[in-house]
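Atom set for the values below is all heavy atoms of this structure, side chains included, hydrogens, waters and symmetry mates excluded. Just so you know, ligand 1 is whichever comes first in the structure, and atom 1 is the first atom listed for that ligand.
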Amino acid sequence: MPFLTDMYHEQNRNSARVADEPATAETVDGFDPEALSRRLNAAILGQAHAVDAVVRAVSIAHVGVADPGRPLSSVLLVGPTGVGKTELVRQVAAALRTGPDDLCRIDMSALAQEHYAASLSGAPPGYAGSKESFTLFDRAKIEGGPYMPGIVLFDEVEKADASVLRALLHVLDTGELRLANGQQKISFRNSYIFLTSNLGSLEVAARQRARRKRWQWPARRAASHQSVVRGAVEEFFDPEFFNRIDETVVFDAFDDTTAERVTRKEIGDLVRRLKARDVALEVDDSVVDFVQRRGFDPVYGARGLRRTIRTELTEPVAWAVLTASRKPVALKAQVRDGELTVT
Ligand SMILES: Nc1ncnc2c1ncn2[C@@H]1O[C@H](COP(=O)(O)OP(=O)(O)OP(=O)(O)O)[C@@H](O)[C@H]1O
Ligand SMILES: [Mg+2]
């Protein structure tokens with residue numbers, strides 16, 4: 001049995017004993033929810049309430065009040081493309097495990113047919129592969145270890161076949177998956193399960209377009225966006241599946257402010273990467289404005305911005321570095337006559 005879960009239960013017993021001295025999240029093995037929140041908000045911009053919800057889920061698991069016979073927490077992240085759903089899970093892995101890629105990611109769009117349900121639990125006895133207990137799951141990253149929870153990400157969950165979702169239902173319910181060879185089990189009881197989805201995003205985008213000319217209070221706009229997405233999620237999943245998810249978090253589409261912050265962050269990251277290679281790049285403010293006007297569409301979130309930065313800035317900069325005659329290289333990017341130039 002995973003050590004961390006044991007530890008939570010031990011904590012639980014201790015805090016039950018000292019009833020008038022409740023265990024705050026900070027006292028549980030040095031876990032600091034505020035530090036986690038700061039860290040996630042610095043990486044995932046403009047999604048404060050999504051970050052809050054995830055920090056809350058992690059904090060609850062840390063205090064040890066969650067059901068011991070289930071995963072630590074299961075959180076569904078829903079929203080349009082390129083708004084930070086997958087990236088938030090990667091940042092949680094960076095904070096709780098050894099790095100952003102230290103998680104078990106299952107691409108559910110690759111499991112769109114019925115027979116793929118088997119690839120979750122491996123081949124049944126008598127079939128090729130049954131001895132190897134092959135499964136898509138990476139046991140070490142799921143089960144974690146002492147002081148380290150596991151993390152599983154089911155990306156684009158709505159694209160999977162219904163039979164795959166049924167297999168998953170059992171995992172959400174019992175925190176265990178018995179492999180089809182019948183000999184082994186994978187435990188998810190020390191794991192955070194994250195699921196991502198774009199459900200409802202097309203409808204929200206269509207409404208946004210229709211509404212563009214009509215002004216509306218931002219708060220009301222956000223509330224109706226939330227209810228459209230939640231409606232789409234509840235309609236899509238069977239109630240028995242939906243009811244086993246601890247928390248559904250709706251991400252906001254980018255507005256201009258978030259788009260500008262993400263643009264500055266992406267450009268800042270590029271400047272830092274170049275600096276590590278002894279290339280100084282000065283970026284004029286006009287470039288931020290240019291990237292936003294060319295690359296920002298609320299439907300594509302950060303994806304459009306990143307694409308524009310790549311073609312309009314990164315590529316000319318790389319070329320300038322390759323062809324520079326003097327070292328160290330010092331470059332300046334600015335917008336002149338409506339074109340981005342790197343000199
Ligand atoms: N809110 C954000 N703050 C900072 N960077 C972001 C944000 N959203 C997206 N990005 C950047 O864009 C990239 C793509 O984002 P991500 O993979 O998280 O999108 P997604 O919401 O999972 O979209 P999809 O539904 O298409 O999978 C990330 O690697 C990140 O660098
Ligand atoms: Mg994603």
Side-chain angles (χ1 to χ4, degrees), residues 36-55 75-95 99-112 151-160 192-205 208 222 225-226 228-230 232-233 236 247-273 288 291-292 294-314:
L36 179 63
S37 170
R38 272 195 303 279
R39 177 179 183 149
L40 298 179
N41 274 311
I44 310 297
L45 306 174
Q47 304 290 358
H49 77 260
V51 168
D52 275 356
V54 168
V55 171
V75 183
L76 173 64
L77 310 172
V78 211
T81 184
V83 292
K85 300 183 298 296
T86 303
E87 189 60 24
L88 177 54
V89 181
R90 294 180 74 245
Q91 293 301 326
V92 171
D101 296 314
D102 191 10
L103 55 88
C104 173
R105 177 178 174 272
I106 308 284
D107 178 3
M108 297 292 265
S109 66
L111 305 179
I151 297 182
V152 197
L153 168 60
F154 294 100
D155 234 347
E156 304 194 59
V157 66
E158 78 276 17
K159 309 251 168 77
Y192 291 100
I193 297 188
F194 291 98
L195 311 106
T196 73
S197 163
N198 297 125
L199 283 166
S201 296
L202 288 178
E203 195 182 338
V204 168
Q208 269 171 341
H225 163 113
Q226 288 258 343
V228 169
V229 172
R230 283 180 194 280
V233 167
F236 179 83
E247 183 119 35
T248 301
V249 181
V250 181
F251 278 62
D252 295 319
F254 278 14
D255 58 13
D256 289 335
T257 314
T258 306
E260 186 188 330
R261 290 178 68 201
V262 171
T263 305
R264 287 186 189 278
K265 180 171 179 291
E266 295 282 341
I267 292 176
D269 289 346
L270 173 65
V271 169
R272 264 190 301 282
R273 283 198 300 276
V288 177
V291 168
Q292 249 185 289
R294 281 270 169 110
F296 180 49
D297 179 337
V299 174
Y300 298 110
R303 295 202 186 274
L305 297 170
R306 280 163 65 97
R307 202 164 32 238
T308 307
I309 291 171
R310 185 174 172 86
T311 53
E312 300 287 342
L313 184 61
T314 313

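Using a 4.0 Å cut-off to heavy atoms of E87, the atoms of ligand 1 that qualify are 18 (O), 28 (C), 29 (O). The distance from ligand 1 to the heavy atoms of F254 drops below 4.0 Å at these ligand atoms: 1 (N), 2 (C), 7 (C), 8 (N). When each atom of ligand 1 is checked for a heavy atom of E266 under 4.0 Å away, the hits are 11 (C), 31 (O). Every atom of ligand 1 with a heavy atom of V262 under 4.0 Å away is listed here by number and element: 3 (N), 4 (C). The L45 neighbourhood of ligand 1 comprises atoms 1 (N), 2 (C), 3 (N), 4 (C), with distances under 4.0 Å to a heavy atom of that residue.
With contacts defined as side-chain heavy-atom distances shorter than 4.5 Å, the pair R90/E87 qualifies. Using a 4.5 Å heavy-atom cutoff, the side chains of I44 and Q91 are in contact. Counting only heavy atoms from C-beta outward, the side chains of F254 and V262 approach each other to under 4.5 Å. F194 is listed as a side-chain neighbour of L77, based on a closest heavy-atom distance under 4.5 Å.
Within the 4.0 Å heavy-atom cutoff, E156 does not count among the residues contacting ligand 1. The shell of residues lying under 4.0 angstrom from ligand 1, judged by heavy atoms, includes V83. Using 4.0 Å as the threshold, G301 has no heavy atom nearer than that to any atom of ligand 1.
Distance from atom 4 (C) of ligand 1 to its nearest protein heavy atom, with residue and atom name: A43 O, 3.3 Å. Counting only heavy atoms of the protein, atom 26 (O) of ligand 1 lies nearest to T81 OG1, 2.5 Å. In terms of protein heavy atoms, atom 27 (O) of ligand 1 is closest to R303 NH2, 3.4 Å. The protein heavy-atom contact nearest to atom 6 (C) of ligand 1 is A302 CB, 4.2 Å. Looking at atom 22 (O) of ligand 1, its nearest protein heavy atom turns out to be T86 OG1, 2.8 Å. R306 NH1, 2.9 Å is the protein heavy atom nearest to atom 31 (O) of ligand 1.
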Working for salt bridge (charged side-chain N to carboxylate O under 4.0 Å, His left out), residues D269 and K265
CA-CA 6 Å; D269 289 346; K265 180 171 179 291; 3.8 Å; yes
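K85 places no side-chain N or O within 3.5 Å of a backbone atom of F251 that could act as its donor or acceptor partner. H49 places a side-chain N or O within 3.5 Å of a backbone atom of V250 that can act as its donor or acceptor partner. Judged by distance alone, with hydrogens and angles left aside, the side-chain atoms of N198 form a donor-acceptor pair with the main-chain N or O of G79 at under 3.5 Å. Q47 places a side-chain N or O within 3.5 Å of a backbone atom of D252 that can act as its donor or acceptor partner. The backbone N or O of E156 lies less than 3.5 Å from no partner atom in the side chain of S197, so there is not a single donor-acceptor pair.
By the criterion of a heavy-atom distance under 4.0 Å, the side chain of N198, and not its backbone, is placed next to ligand 1.
Among the atoms of T81, no N, O or S atom is found under 2.8 Å from the Mg ion (ligand 2).
Checked against a 3.5 angstrom limit, the closest N/O atoms of G82 and ligand 1 fall inside it. Between K85 and ligand 1, a contact under 3.5 Å exists for at least one N or O pair.
No more than 12 heavy-atom neighbours from other residues, nucleotides or ligands sit within 6.0 angstrom of OH on Y300.
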